[in-house]
Structures are given as C-alpha cells and as structure tokens.
Undergrad: 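Let me give you the structure first, and then I'll get to my questions.
Per chain, numbering begins at 1; letters A, B, ... match sequence-line order. This one's a predicted model, so the numbers in the text were calculated from it and none came from an experiment.
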Amino acid sequence: MFSNEYLKQRMAKAEKLKENGINPYGHFAKRDTKISEFLQKSKDVENLENKRDETKKFTVAGRVKFLRLMGKAAFFKIEDESGILQVYMSKNDLGDEFNVLKKTLEVGDIVEVTGYPFVTKTGELSIHASSVRILTKAIHPLPEKFHGLQDVETKYRQRYLDMIMDINTKNRFKTRSVVVSSVREFFIKHGFLEVETPMLHTIVGGANARPFMTHHNALDIDMNLRIAPELFLKRLIVGGFEAVFELNRNFRNEGIDYTHNPEFTMIEFYWAYHTMEDLMNLTQKLFDFLFEKLNLPKQLEYGDMIIDFDKWKKITYKDALVAIGNVPEDILDDVEKMKKYLKDSGVEVEEHIDNRGKLWAELFDEFVEAKLINPTFITEFPIEISPLARRSDENPEFAERFELFIAGREIANGFNELNDPLDQYERFKAQLEAKAKGDEEVMDMDYDYIRALQYGMPPTAGEGIGIDRLVMLLTNAHSIKDVILFPTMKPKQDNKEDI
RNA sequence: GACCCGUUAGCUCAGUCGGUAGAGCAUCUGCCUUUUAAGCAGAGGGCCGUUGGUUCGAAUCCAACACGGGUCACCA
C-alpha cells in the first residue's frame with residue numbers, strides 16, 4: 001500500500017507543504033469565477049495596449065494539467081468543469097511562495113489561483129497570478145499528457161481517471177444527462193405522469209430474460225430484480241392513470257457485450273385511448289425534440305454511416321422482406337421454401353424454427369435488419385413472434401406491433417396492449433409450459449395481473465426505448481460501456497492492497 | 001458459449017534468431033522570467049498478467065488459467 005516510488009515522492013511533497021504551513025488536503029476554497037466565465041469576461045484584454053488588465057481580480061480553481069517550470073517563472077494550465085486556463089506565475093510576484101510551489105506543485109494537483117487577465121506573446125489569454133495555493137495534493141501521477149489514457153479497461157474501471165484525461169468522455173456523459181432530462185421533459189410536456197414502480201419483484205415478468213435473484217431476510221422470501229416494469233405500469237392504466245412513463249434501470253442476468261450491460265436504462269410508456277400509430281408519431285416527435293435540445297445535425301454520423309433523420313420510413317414486415325431484403329415474395333407463405341432459401345443462402349436454421357413467423361424473423365435478421373440505416377418503423381409483425389401484442393382484428397396472422405430500427409439496430413418496440421384477461425391467462429400458461437421444458441427465459445404466472453385485467457384495462461398502446469442505445473446513437477459511441485459511467489466489470493483478483 | 005487479438009516502468013509503446021530489460025513523456029538533482037508535447041546536463045524507476053513445461057539459458061517457444069478488447073451466436 002502506497003509503496004510505489006512515485007507515490008512516495010509525491011507524499012514527500014505533501015509533507016513539505018505541511019512544513020510550510022499548508023494543509024495538502026485543506027478546505028478553504030475561495031473560487032469566485034469559473035474558467036469559462038474568466039475567459040468570457042477577459043476576452044477584450046487583447047485589444048488593450050499592453051494586453052493586460054491589472055484592475056481586474058479573479059480567483060479560479062482547477063486541476064493542473066500541464067506544468068512548465070523555469071528558473072524564476074512558470075506556466076501551467078488548470079482545468080475545471082467549464083474549461084481550461086493557462087496560469088503564469090513568477091518569483092517576482094510570489095516571492096517565497098514561488099520557491100515552495102516550485103518544489104511541490106505537480107501535474108494532477110488541485111490549485112486555486114488569484115490574478116488578473118493578460119495575453120501572452122503567443123496570443124493565449126491567461127491569468128497572471130498574484131497568489132497560487134495548492135488546495136489538494138494529488139499523490140498518484142496522471143497518464144502521459146500527449147497520448148492520454150488509451151487502455152480501455154482502465155477507462156472503464158477507473159472512470160474518474162478517464163474523465164480527468166479525456167474531454168470526450170466528460171462531454172459524452174454530459175450529453176447522456178441532457179438526453180435523460182430531455183426525455184423526461186418531453187413526456188411530461190405531453191401529459192405523461194412519471195411513476196416509480198418496484199425494482200424488487202416476487203414474480204418474473206414483462207420480458208423474456210433471466211433475472212438476478214436475491215432474498216428479503218425479514219419476510220424470508222426470494223425476490224428478483226426487475227427485468228421490466230411493464231406489468232406494474234399497465235396496472236396503473238387499469239387504476240385510472242391514462243399516460244404514464246418510467247425511466248429507470250432494468251436488470252437482466254445475461255451476457256455482457258458491446259450492446260449489453262446487466263443493468264441498463266429503459267423508458268417504458270403507456271398511453272390509454274391511443275394506438276400504436278400515435279406512438280410512432282410521438283416517437284418521431286421525441287427524436288425531433290432531442291435533436292433540437294442537443295443541437296445535432298439531422299444528417300447524423302454514426303460509425304461509418306450517415307443517418308438521415310429527415311427521412312423516416314414506415315414499411316410492413318412483409319414488404320421489408322421483399323423490397324429491402326430481396327427475398328422472393330412467393331416463398332413467404334411456404335415454410336419449406338423459406339427453409340431451403342435460408343439454407344441455400346448459407347444460413348443454418350435451428351430445428352425448432354418451424355413456423356412462418358419464426359422463419360420470417362430469420363429472414364429479417366439475415367437480409368433486412370442491417371440495411372435499416374435511416375429511421376424505419378417496421379409494422380405488421382408475425383403473431384408467432386409477438387406474444388405480448390394485441391392480435392390484429394383485420395388480419396389475425398399479424399400483431400399490432402412495430403419496431404423502430406436505426407443504424408441497423410432495434411431502438412424501440414411498441415404495440416397495442418393485450419387487454420383480454422383470458423387470452424393473457426392462456427399466454428402465461430404457455431410460458432409455464434416452456435419453463436417446464438427447460439426454457440429459463442420465461443415469465444412467471446402473474447395472477448394479480450390477470451385479476452387487474454379482469455377489472456378492465458382501456459385500449460392502450462405502450463412502447464419501450466433503450467436509453468443506453470439511444471445515447472450510443474446520439475454520441476457516436478461504439479460500445480454501451482462508453483455511455484454507462486461505471487459499466488459492469490469482473491473484479492480483478494490481484495493484489496488489492498497494491499494501489 | 002465459439003473464434004481471433006492484447007497484457008513489458010506511473011502512462012504511451014518498442015523489444016530482431018531464445019543469450020544481462022529499452023525509448024518518449026512523467027519522476028529525482030542542477031540550470032533556465034512568455035512556455036505550447038518547452039529546452040539543456042545528469043540520475044533513479046521493472047513479479048515482462050499468473051502458474052507450469054521445454055531448454056545450459058525464456059519477455060521471447062509450448063500449455064493452462066486470469067482480465068480486457070474485437071467478431072459471431074443469443075438478447076434490449
């Protein structure tokens with residue numbers, strides 16, 4: 001612990017500060033100006049004859065990011081949340097204080113600087129220090145300044161360091177915060193009520209996924225972290241709330257990869273007396289709202305794609321297979337022909353995929369999904385792959401369901417809700433049968449939810465949007481870990497004391 | 001879960017054919033009052049991811065394991 005050579009050297013400097021009457025972890029900050037404010041208020045200085053304004057006095061603070069010590073003067077840069085500022089200090093101005101700083105000040109330290117604005121020979125607006133105080137001594141050296149922190153594992157495990165070293169990281173998470181608050185603002189503006197339903201469940205439901213299990217000691221019952229809030233939100237519709245949303249974490253005990261984290265953020269919203277058509281319109285409005293809030297171009301860069309948010313499309317599942325996937329129309333009602341087509345295309349189809357809907361899904365995943373770059377609503381889903389959606393009255397082969405695809409990826413999933421209690425009961429029973437056969441990603445029977453439907457849920461449309469993936473799209477992030485502040489990582493077992 | 005790649009100083013990275021562990025930045029000592037990856041002179045700093053194997057000898061070859069990344073499969 002604290003045995004590294006660099007830490008020892010820096011701790012010795014902290015001791016030296018104490019010897020000079022300075023607490024290396026003091027608490028006497030007197031900052032009166034953020035760096036961005038300083039730069040804004042001082043920008044006229046370069047028009048002055050001697051390029052300085054000694055009548056002004058500001059106190060700024062931040063972390064030292066660069067340090068250039070000379071014999072009797074020094075330049076360094078400090079960064080706060082708002083920006084970065086160069087400081088000039090000299091022995092002439094600081095006297096003995098300069099000598100102490102010269103021996104103790106290092107990159108990484110948090111300092112407070114009082115002084116006046118001036119412009120250097122090379123034209124950089126800076127602060128000429130009359131006083132420099134170390135507020136917090138950093139004893140762990142920062143990564144090298146030119147390349148910064150490159151190791152992705154360290155960026156995820158030590159996010160604080162990633163934030164110190166990479167302005168893009170800070171900006172990306174600021175954007176995430178704006179997205180989350182804007183989504184809230186949008187739904188509240190449209191008359192939705194934000195609600196909080198339980199995260200500790202006693203029944204697994206609302207999605208098909210394996211849950212995290214835990215135990216409540218006082219009640220002596222097993223509980224699971226929720227995989228979705230859906231069934232509680234729809235109970236609220238039964239209760240009389242007509243538009244509700246919940247924007248919070250779901251937990252699924254599944255694999256981790258660049259689009260999956262065990263805890264992830266979803267917004268689910270339910271709208272009584274509305275239809276999936278209304279949801280699609282609302283979704284498009286939500287994107288318009290976000291683009292305005294974030295000041296993003298409608299032709300958005302994502303990876304090597306350009307996504308045109310002025311060109312929304314709506315197409316049925318079947319038309320997408322034919323027009324976008326180039327699947328021959330005459331095979332779409334023939335299970336054997338579809339199997340042969342997939343096989344001839346080099347796609348291996350598992351044996352249990354034996355009905356029309358599942359084969360359409362195979363064809364869709366293989367030939368369509370990756371081509372849906374611009375925002376596209378896919379409608380008229382096969383009933384076989386839509387267990388929670390209402391069956392179409394006009395055409396019982398289809399579910400009243402849509403999905404939104406952007407950048408070849410599913411972004412949203414919505415449908416007219418099933419509100420027939422008997423039908424819902426049968427579908428829960430089918431889940432139990434699948435569980436008996438060994439399927440672990442199934443819902444439990446929720447008798448209370450059936451009872452709620454017995455009281456009557458008005459015609460309702462509901463939708464879910466994955467917030468993490470939405471932020472990935474809007475920040476051009478490749479991995480979900482890049483938009484989650486502290487992504488789930490396997491702990492390292494090596495010497496924990498050796499920090 | 002499968003396959004591929006990575007792991008060497010605080011950080012970014014070299015390391016040839018198996019033969020005493022390297023650079024830049026950072027750090028330490030000295031010099032330097034307008035620097036922009038500042039400069040000059042000198043110095044210190046290593047469980048080469050872990051364990052085992054082959055070998056006279058392993059950072060290097062082999063195996064297993066650990067952690068991470070990428071691609072595929074499944075999922076949101």
Undergrad: Excluding sequence neighbours, so at least two apart, what forms side-chain hydrogen bond (donor to acceptor under 3.5 Å, both in side chains) with A:Glu463?
TA: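 Applying side-chain hydrogen bond (donor to acceptor under 3.5 Å, both in side chains) to A:Glu463 gives A:Thr283.
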Undergrad: Using the salt bridge (Lys or Arg N to Asp or Glu O under 4.0 Å) criterion, which residues pair with A:Glu366? Sequence neighbours excluded.
TA: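 Expected list: none.
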Undergrad: Categorize A:Lys51 for me: base, sugar-phosphate, or nothing, with a 4.0 angstrom heavy-atom threshold over every strand shown.
TA: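 Touches nothing.
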Undergrad: For A:Lys358, does its backbone N or O pair with a side-chain atom of A:Asn355 as donor and acceptor, under 3.5 Å?
TA: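 Indeed, once roles are kept as given, a pair shorter than 3.5 Å links the two residues.
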Undergrad: Could you list the protein-to-nucleotides 8-13 of chain B atom pairs, N/O on both sides, closer than 3.5 Å?
TA:
{"from": "B:rG10", "atom 1": "OP1", "to": "A:Asn4", "atom 2": "ND2", "distance (Å)": "3.3"}
{"from": "B:rG10", "atom 1": "N7", "to": "A:Tyr6", "atom 2": "OH", "distance (Å)": "2.5"}
{"from": "B:rC11", "atom 1": "O2'", "to": "A:Glu144", "atom 2": "N", "distance (Å)": "3.3"}
{"from": "B:rC11", "atom 1": "O2'", "to": "A:Gly148", "atom 2": "O", "distance (Å)": "3.3"}
{"from": "B:rU12", "atom 1": "OP1", "to": "A:Gln150", "atom 2": "N", "distance (Å)": "3.1"}
{"from": "B:rU12", "atom 1": "OP1", "to": "A:Asp151", "atom 2": "N", "distance (Å)": "2.9"}
{"from": "B:rU12", "atom 1": "O4'", "to": "A:Glu144", "atom 2": "OE1", "distance (Å)": "3.3"}

Undergrad: Take A:Gly255 and A:Gly123, find for each the nucleotide of RNA chain B with the closest heavy atom, and name the residue whose nucleotide sits nearer the 5' end.
TA: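 The residue closer to the strand's 5' end, by nearest nucleotide, is A:Gly123.
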Undergrad: Between the main-chain N or O of A:Thr104 and the side-chain N or O of A:Lys137, is there a donor-acceptor pair closer than 3.5 Å?
TA: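 Answer holds: yes.
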Undergrad: Applying the side-chain contact (heavy atoms from CB on, under 4.5 Å) test to A:Phe269, which of A:Leu247, A:Leu279, A:Val183 qualifies?
TA: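 Of A:Leu247, A:Leu279, A:Val183, side-chain contact (heavy atoms from CB on, under 4.5 Å) with A:Phe269 is met by A:Leu279 alone.
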Undergrad: Just call it for A:Asp93: base, sugar-phosphate, or nothing, with non-hydrogen atoms closer than 4.0 Å on any strand.
TA: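 Here A:Asp93 touches no strand at all.
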Undergrad: Per the atom types in the model, does the base of B:rU35 pair as donor or acceptor with the side chain of A:Thr120 at under 3.5 Å?
TA: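 Per atom types, the contact qualifies.
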Undergrad: Any side-chain to backbone donor/acceptor pair from A:Arg226 onto A:Arg249? Under 3.5 Å, distance only.
TA: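 Yes; at least one donor-acceptor contact below 3.5 Å.
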Undergrad: Counting only side-chain nitrogens and oxygens, does A:Lys102 get under 4.0 Å of the OP1 or OP2 atom of B:rU33?
TA: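 So the side chain of A:Lys102 is outside the cut-off, no N or O lying under 4.0 Å from OP1 or OP2 of B:rU33.
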Undergrad: Looking at B:rU35, does its base get a donor-acceptor pair with the side chain of A:Tyr88 below 3.5 Å?
TA: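 No, no donor-acceptor pair under 3.5 Å.
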Undergrad: Between the side chain of A:Thr376 and the main-chain N/O of A:Lys313, is any donor-acceptor distance below 3.5 Å?
TA: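 No: the side chain of A:Thr376 does not pair with the backbone of A:Lys313.
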Undergrad: Please state the P separation for the pair B:rU54 and B:rU71 - nearest whole angstrom.
TA: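 It works out to 39 Å between them.
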Undergrad: Would you sketch RNA chain B in dot-bracket for me? Only Watson-Crick or G-U wobble pairs with both distances under 3.5 Å count, crossing pairs as [ ], other-strand pairs as |, the rest as dots.
TA: (((((((..((((.....[..)))).(((((.......))))).....(((((..]....))))))))))))....
Undergrad: What N/O pairs connect the protein and nucleotides 2-6 of chain B at under 3.5 Å? Give each pair on its own line.
TA:
none

Undergrad: Are the charged groups of A:Arg235 and A:Asp446 less than 4.0 angstrom apart, N to O?
TA: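 Salt bridge present between A:Arg235 and A:Asp446.
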Undergrad: Taking only distance into account, with no hydrogens and no angle test, what donor-acceptor pairs under 3.5 Å do side-chain atoms of residues 466-478 of chain A form with protein atoms, sequence neighbours excluded?
TA:
{"from": "A:Asp468", "atom 1": "OD1", "to": "A:Arg176", "atom 2": "NH1", "distance (Å)": "2.9"}
{"from": "A:Asp468", "atom 1": "OD1", "to": "A:Arg176", "atom 2": "NH2", "distance (Å)": "3.1"}
{"from": "A:Asp468", "atom 1": "OD2", "to": "A:Thr265", "atom 2": "N", "distance (Å)": "2.7"}
{"from": "A:Arg469", "atom 1": "NE", "to": "A:Thr259", "atom 2": "O", "distance (Å)": "3.3"}
{"from": "A:Arg469", "atom 1": "NH2", "to": "A:Thr259", "atom 2": "O", "distance (Å)": "2.9"}
{"from": "A:Arg469", "atom 1": "NH2", "to": "A:His260", "atom 2": "NE2", "distance (Å)": "3.4"}
{"from": "A:Thr475", "atom 1": "OG1", "to": "A:Val471", "atom 2": "O", "distance (Å)": "2.7"}
{"from": "A:Asn476", "atom 1": "OD1", "to": "A:Gly303", "atom 2": "N", "distance (Å)": "2.7"}

Undergrad: Between the base of B:rU35 and the side chain of A:Glu124, is one N or O donor paired with an acceptor at under 3.5 angstrom?
TA: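 Such a pair does not exist between side chain and base.
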Undergrad: If you check every side-chain atom of A:Lys145, which of B:rU35, B:rC25, B:rA73 has the closest atom?
TA: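 The listed nucleotide nearest to A:Lys145's side chain is B:rC25.
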